[in-house]
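Sequence positions, counted from 1, serve as the residue numbers for this chain.
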Amino acid sequence: MEYNANMSELTGKIQVRVNQKVKEDTEAIFEKMGISASDAIRLFYHNVLLNQGLPFEVRIPNAETIAAMEDTEVAERFTSEDEFKDFLETL
């Protein structure tokens with residue numbers, strides 16, 4: 001399958017709702033990288049194709065992961081597993 005396309009062939013549209021602060025902070029990073037949010041989404045989609053799945057691991061933290069989080073800066077942000085799960089739901 002060939003997926004290279006010029007701009008006139010880009011016809012699929014995606015709309016997504018995301019927390020405004022997450023959007024602004026993420027787009028600031030994209031700006032530093034010299035890419036747009038659309039560029040980043042296209043990169044993500046191509047990586048999904050290349051990996052035939054998400055290009056990173058996604059899972060709910062188990063007891064071992066939570067223990068490791070307690071030894072890191074992440075523990076300062078989340079005081080319980082429920083708080084961490086609530087945070088994930090905002091993404």
Side-chain angles (χ1 to χ4, degrees):
M1 292 183 187
E2 183 63 40
Y3 292 105
N4 294 329
N6 62 45
M7 290 303 286
S8 66
E9 295 173 321
L10 300 178
T11 58
K13 183 176 181 178
I14 299 170
Q15 290 183 316
V16 62
R17 292 193 183 279
V18 64
N19 174 282
Q20 184 64 31
K21 176 115 173 77
V22 170
K23 177 183 180 293
E24 291 168 0
D25 292 350
T26 302
E27 288 178 355
I29 293 169
F30 293 157
E31 187 175 336
K32 289 178 185 176
M33 296 171 69
I35 64 173
S36 67
S38 293
D39 294 333
I41 292 167
R42 279 191 286 276
L43 286 168
F44 173 76
Y45 267 58
H46 281 279
N47 267 280
V48 169
L49 287 171
L50 288 170
N51 288 283
Q52 291 297 292
L54 291 175
F56 48 83
E57 186 176 348
V58 177
R59 61 185 185 170
I60 296 173
N62 59 25
E64 182 179 347
T65 302
I66 292 169
M69 289 168 52
E70 290 172 353
D71 293 333
T72 67
E73 294 177 15
V74 175
E76 295 173 11
R77 290 183 62 191
F78 306 107
T79 57
S80 71
E81 182 178 352
D82 289 335
E83 190 176 313
F84 179 71
K85 287 178 183 177
D86 290 344
F87 167 75
L88 291 177
E89 290 177 6
T90 66
L91 300 179

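In this structure, L50 CG and Q52 CD are separated by 8.5 Å, a value rounded to the nearest 0.5 Å.
Applying the salt bridge (Lys or Arg N to Asp or Glu O under 4.0 Å) rule to pairs touching residues 24-37 yields K21-D25, K23-E27, sequence neighbours excluded.
D39 pairs by the side chain to side chain donor-acceptor pair (under 3.5 Å) definition with S36, R42, not counting sequence neighbours.
Residue V58 belongs to a hydrophobic cluster whose other members are I14, I41, F44, Y45, V48, L54, F56, with links defined by side-chain heavy atoms closer than 4.5 Å.
In plain terms, the two heavy atoms of F30 and A40 that are nearest each other are CZ-CB, 3.3 Å.
For Q20, the CD atom counts as densely surrounded, since its 6.0 Å shell holds more than 12 non-hydrogen atoms of other residues, nucleotides or ligands.
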